[in-house]
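Here is the structure we will look at.
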Amino acid sequence: MNQQENHTATREVVKVELGERSYDIQIGRNLFDTDGQVITTLMQNCRVAIVSDTNVANLHLVALQSLLDSASIQHTQIILPAGEATKSYQHLQQVCDAVLEARLERNDWIIALGGGVIGDLAGFAAGLVRRGMRFIQIPTSLLAQVDSSVGGKTGINSSHGKNLVGLFNQPSLVFADTAILDTLPDRDFKAGYAEIAKYGLIDDPAFFEWLERNWRGIFSGGPEREEAIAHSCRAKARVVASDEFENGCRALLNLGHTFGHALEKAANYDTALLVHGEGVSIGMVMAFSFSQSLELCSAEDTARVKSHLAEVGLPVSVSQLPFQLPGVDYLLDIIAQDKKVSRGKLTFILARGIGKSFIQNDVPIEKVRQFLDKALKQ
Ligand code: GLY
């Protein structure tokens with residue numbers, strides 16, 4: 001069997017074990033063409049609202065509509081502007097009203113066809129309309145395939161910060177066709193890669209090492225792509241199964257996100273300036289540098305993280321941001337909203353080295369201030 005045939009045959013099913021709410025993550029190249037019945041079987045005799053954005057709809061909506069047509073499943077579509085600004089009250093209302101306008105009932109379905117923004121928004125709407133409709137995720141970005149479509153975090157942004165209004169609401173299926181990623185802009189692919197690297201940095205040094213050797217295959221669409229996506233989904237599924245509502249270890253998945261979210265807010269969620277994965281990339285390097293400044297992790301490990309993320313083409317420093325950052329006080333204020341602050345102490349994900357991340361819930365704000373003061377001057 002040649003490499004291409006072998007590659008075409010790559011299929012993985014990762015289970016998210018949550019009792020009655022367990023579901024599968026189907027992963028594979030050209031899954032849409034070969035395994036579409038996994039979707040239509042769920043939706044027999046039901047109606048469907050497809051939520052997508054203009055970019056994704058142009059590329060992939062017709063294929064999904066044809067799949068539903070072939071199984072005589074009635075559908076409507078709600079197409080929103082692309083970009084982080086769509087995760088808003090205004091577009092949440094638009095989706096909810098459109099689903100009701102189309103007369104969908106509680107047992108009907110919502111399909112989120114898109115990246116993290118569409119998945120988070122459509123999943124949130126599904127949790128609200130008629131007190132909860134069923135939904136599936138068809139993630140079309142790398143970031144959504146390895147992170148946001150899995151685990152049931154749904155929501156929108158508020159003027160107070162990112163993802164501050166939302167629900168834990170698990171999908172019934174995640175259907176990740178990796179061939180869809182061939183159409184992803186290079187910048188978005190890189191941004192999704194930051195979340196893959198995150199799983200190595202949290203608790204899997206062997207995976208990080210594997211990524212250092214194999215990242216090119218992931219980018220070029222080799223079999224390493226499915227391998228990395230499935231590995232990431234297995235890691236996420238394990239964490240979600242043991243701590244669905246983030247009372248403990250799930251917070252580790254926020255490595256790099258505290259600094260990253262603050263940078264996104266500072267960019268006013270303008271994805272022309274900064275996309276989520278880029279914020280996470282800079283944020284992970286900052287989390288390692290901060291850990292180093294607290295004498296928890298070695299300069300070598302921080303340098304290794306920075307060098308790998310830079311090698312794949314991700315930004316790794318605030319000095320690369322194409323906008324003027326506000327002052328330290330502004331960033332600290334956002335950080336305090338993003339992560340719980342209690343009596344002047346913050347919760348942070350820190351690291352003792354690559355694959356040795358941990359939750360530290362009593363980080364003095366003063367230490368963060370000192371670190372940011374220095375980081376912003378570099
Ligand atoms: N993206 C982090 C989480 O799902 O918990």
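Just follow the structure's listing: the first ligand is 1, and inside any ligand the first atom is 1.
Of all the heavy atoms of Val239, none lies under 4.0 Å from any atom of ligand 1, so neither backbone nor side chain is involved.
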Pairs of donor and acceptor atoms involving the side chains of residues 190-197, under 3.5 Å and at least two apart or interchain, shall be tabulated with distances.
| from | atom 1 | to | atom 2 | distance (Å) |
| --- | --- | --- | --- | --- |
| Lys190 | NZ | Asp186 | OD2 | 3.0 |
| Tyr193 | OH | His308 | NE2 | 2.6 |
| Glu195 | OE1 | Lys198 | NZ | 2.8 |
| Glu195 | OE2 | His257 | NE2 | 3.2 |
| Glu195 | OE2 | His276 | NE2 | 3.2 |

For residues 59-66, dump all side-chain donor-acceptor pairs below 3.5 Å to protein atoms at least two apart in sequence or in another chain.
| from | atom 1 | to | atom 2 | distance (Å) |
| --- | --- | --- | --- | --- |
| His60 | NE2 | Thr183 | OG1 | 3.4 |
| Gln65 | NE2 | Gln77 | OE1 | 2.8 |
| Ser66 | OG | Val62 | O | 2.8 |

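Every atom of ligand 1 is numbered from 1 in the order shown, and the set under 4.0 Å from a heavy atom of Asp147 is 1 (N), 2 (C).
Not a single heavy atom of His257 sits less than 4.0 Å from an atom of ligand 1.
Screening Ile282, Leu309, Leu321, Val285 against Pro315 for a side chain to side chain contact (heavy atoms under 4.5 Å, CB included) leaves a single residue, Ile282.
A salt bridge between Asp182 and Arg225 is present, with a side-chain N of the basic residue lying under 4.0 Å from a carboxylate O of the acidic one.
You'll find the side chain of Leu201 reaches within 4.5 Å of the side chain of Phe288, heavy atoms only.
Across the listed options Arg250, Glu244, Glu246, Arg250 owns the non-hydrogen atom lying nearest to atom 5 (O) of ligand 1.
Between Asn254 and ligand 1, a contact under 3.5 Å exists for no N or O pair. For ligand 1, the polar-atom distance check finds an N/O of Lys236 within less than 3.5 Å of one of the ligand's N/O atoms.
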